[in-house]
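This report concerns only the one structure given below.
All residue numbers refer to positions in the sequence shown, counting from 1. When reading the values below, keep in mind they use all heavy atoms of this one structure, side chains included, and skip hydrogens, waters and symmetry mates.
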Amino acid sequence: LRWEFFAAQLTDHHDNEDTYLWPPVEAAATAEERVVLVAMAAEHEAVEDAVTGLSQAMAELRTDADRDVALARWDELELVLTGHCLHEEQAAVPILAKYLTESDIQQLWLSVRSQQNFDIALAWICEGAPQGVVTETWRLLPAPLRLLAKPRATRKYRAFTQECGV
């Protein structure tokens, strides 16, 4: 269950970026900046391929050889995802900050908040995080909604982790 949750969150995250972040920014970006944005989309495909490969390997776990394949797929995902995250933080985020409008961000949030398990995802992000990260994460929600959503999401996430045997 935890793997499926992680894989779904990662896929949703990249789908949202590909739909709501890159297209409006690409229209205003310089040619050099567009190269970064195109690379982001290609990296998302590589991450998705690695997720699919690991999902398949985990579904076929039966022997030690299968375990070795799954571990190799895990290493592949870790490599691809780490490289992508570093590239995104260093190169794409400054471009987004330069061109994204409030309207672009609102469109993104409308999509994100409508996704299944959005509330669990916020609680998951906060698990074990420094207090500053926890505070900033929950501030993504408007104050009235935050007062209702945070306790509910935390309870729902605890139940989810118990269901997963964690």
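- Remark: A129 engages V133, V134 in a side-chain contact (heavy atoms from CB on, under 4.5 Å) (not counting sequence neighbours).
- Residues forming a side-chain contact (heavy atoms from CB on, under 4.5 Å) with L110 (at least two apart in sequence, or on another chain): Q107, R113.
- Residues passing the ring pair (Phe, Tyr, Trp, His ring centres under 6.0 Å) test with W109 are F118, sequence neighbours excluded.
- Under the rule for a side chain to side chain donor-acceptor pair (under 3.5 Å), the partners of D18 that lie at least two apart in sequence or sit in another chain are W22, H44.
- Residues forming a side-chain contact (heavy atoms from CB on, under 4.5 Å) with N16 (at least two apart in sequence, or on another chain): Y20, L108, S111, V112, Q115.
- Judged as a side chain to side chain donor-acceptor pair (under 3.5 Å), and not counting sequence neighbours, the contacts of R139 are E136.
- Listed by first and then second residue, the side-chain hydrogen bond (donor to acceptor under 3.5 Å, both in side chains) pairs that reach into residues 140-155 are D119-R152, sequence neighbours excluded.
- Every residue meeting the side chain to side chain donor-acceptor pair (under 3.5 Å) condition with S55, not counting sequence neighbours, appears here in chain and number order: W3.
- Every residue two or more places apart in sequence or in another chain that forms a side chain to side chain donor-acceptor pair (under 3.5 Å) with Q131 is listed here: T135.
- Applying the salt bridge (charged side-chain N to carboxylate O under 4.0 Å, His left out) criterion to R34, with sequence neighbours excluded, gives no partner residue.
- Residues satisfying the side-chain contact (heavy atoms from CB on, under 4.5 Å) test with T63, not counting sequence neighbours, are A65, D66.
- Taking the ring pair (Phe, Tyr, Trp, His ring centres under 6.0 Å) definition, one finds that F5 meets it with W124, F160, sequence neighbours left out.
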